[in-house]
Amino acid sequence: MNNNRVLLMFAAMLVVGAVAPFLVYPTFLMKLLCFALFACAFNLLLGFSGLLSFGHAAFFGGSAYITGYLCRDLGLTPELGVLAGGVFSGLLGGLFGWIAIRRAGIYFAMITLGLAQLVFFLAMQMKFTGGEDGMQGIPRGMLLGVFDLSDNIAMYFFVFAVFMAGFWLVYRTIHSPFGQILKAIRDNEARATSLGYDVDKFKLLAFVISAALAGMAGSTKALVFQLASLGDVHWHTSGQVVLMTLMGGLGTVLGPVAGAATIIGLENLLADKVGSWVTVIMGGMFVVCVMLFRRGMVGELAAMLNKNGFNRSGSGGH
């Protein structure tokens, strides 16, 4: 992607993001942005590092509890609460990654799932989390001591800023030399090792970055809904972000955003019409997507555009 296209992409995202809360219900948009950042963080790990984690809900939900506790019980401002949530998840990701990267494939995935279930158990048992009732009454607070986030529009722009910062970090990471090494490890780990790269170190760093961004997504969601619940740390949430990433386009920049928008949008649209059947519909859509659109929505669209562009350039050359 050349510089002009990059600038155009970010400019378009900023324009759409600035206009959206005046056209669509802001709370829905905030939920979408939180899960879009969560999916982008997960895609950095799976799509560009080749590491399938079934435990990312531990970072998403764990940070929600930490931010909730710091903002509600200790009186931290929202921006510090979100940053603290990201730091917590980064440290937790370092611990999980240090344990999990010793194995590969399905063993890696199962270790992350097992570790995440430990976090779920702690969230259920510890007193400050509220157990099955969740942590309620988390204040949105005053951003920088100036902006009152109890106003939905102000809260939306704070969430949008967090999303854009996280999205930019993911973009810069995958287009940096570090990102190229991650892709090399994903494509051929043995060759990357033979070239002298410390594969485990790069995997661990990617895991930490992904965990920290997932934590920031969970922290912002806790502030938006003023609640941190067991659902945030449940394995279902880990499965949901896998679904978003695969449907949108694994290993693409915008795929996770499209996947999150599709899943959250359909859940919002269908929840009051089909009830619990929404999960069945999502499962059916996932099967269809995997069977017919192996590269996801954005991946297939990009492939089609590239093919048409190649044909036009080819015919022009002849």
Side-chain angles (χ1 to χ4, degrees), residues 34-66 85-123 166 169-170 173-174 178-179 181-183 185-187 189 199-219 221 230-252 255-257 259-260 263 286 290 296:
C34 291
F35 276 97
L37 178 56
F38 187 23
C40 287
F42 180 79
N43 187 48
L44 175 63
L45 191 66
L46 178 59
F48 295 97
S49 306
L51 299 173
L52 174 59
S53 168
F54 282 147
H56 254 49
F59 313 121
F60 183 80
S63 286
Y65 281 113
I66 293 298
V87 171
F88 167 79
S89 281
L91 295 173
L92 187 63
L95 176 61
F96 279 22
W98 179 74
I99 297 171
I101 61 173
R102 300 167 186 270
R103 294 293 181 265
I106 191 63
Y107 302 104
F108 174 90
M110 289 298 100
I111 290 172
T112 58
L113 176 60
L115 292 170
Q117 288 302 100
L118 291 176
V119 175
F120 178 83
F121 176 79
L122 290 173
L169 179 60
V170 170
T173 298
I174 62 180
F178 171 71
I181 295 171
L182 289 181
K183 294 173 189 176
I185 294 171
R186 176 198 63 189
D187 295 337
E189 184 173 331
V199 170
D200 285 349
K201 182 181 73 173
F202 284 99
K203 284 183 179 179
L204 180 58
L205 186 52
F207 199 99
V208 169
I209 296 173
S210 177
L213 289 174
M216 293 183 70
S219 294
K221 180 178 178 291
L230 289 177
D232 296 331
V233 290
H234 197 270
W235 64 265
H236 177 267
T237 302
S238 294
Q240 192 176 32
V241 76
V242 175
L243 177 61
M244 290 175 181
T245 305
L246 293 179
M247 283 193 67
L250 185 66
T252 62
V257 179
I263 297 299
F286 177 65
V290 170

Hey, does the side chain of [X] reach the backbone of [Y] with a donor-acceptor pair shorter than 3.5 angstrom?
| X | Y | value |
| --- | --- | --- |
| S63 | S219 | no |
| S49 | L44 | yes |
| T112 | F54 | yes |
| S210 | A41 | yes |
| Y107 | A100 | no |

If you round to the nearest 0.5 Å, how far is [atom2] of [Y] from [atom1] of [X]?
| X | Y | atom1 | atom2 | value |
| --- | --- | --- | --- | --- |
| D200 | W98 | CG | CH2 | 12.0 Å |
| L182 | I209 | CG | CD1 | 7.5 Å |
| F96 | L204 | CZ | CG | 13.0 Å |

Requested in this report: Using a cut-off of 6.0 Å, state whether more than 12 heavy atoms not belonging to F178 lie near its atom CZ.
Outcome: yes
Query - R102, CZ atom: more than 12 neighbouring heavy atoms under 6.0 Å - result: yes
Requested in this report: Taking the six-membered ring for Trp and the single ring otherwise, decide whether the centroids of F60 and F35 are under 6.0 Å apart.
Outcome: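 Yes, the ring of F60 comes within the 6.0 Å limit of the ring of F35, centre to centre.
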Query raised in the report: For the rings on F207 and F59, is their centre-to-centre separation under 6.0 Å?
Result: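 Judged by ring-centre distance (under 6.0 Å), F207 and F59 do meet the cut-off.
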**Report entry** Closest approach of G93 to A211 (non-hydrogen atoms, all atoms of both residues)
**Finding:** CA-CB, 3.7 Å
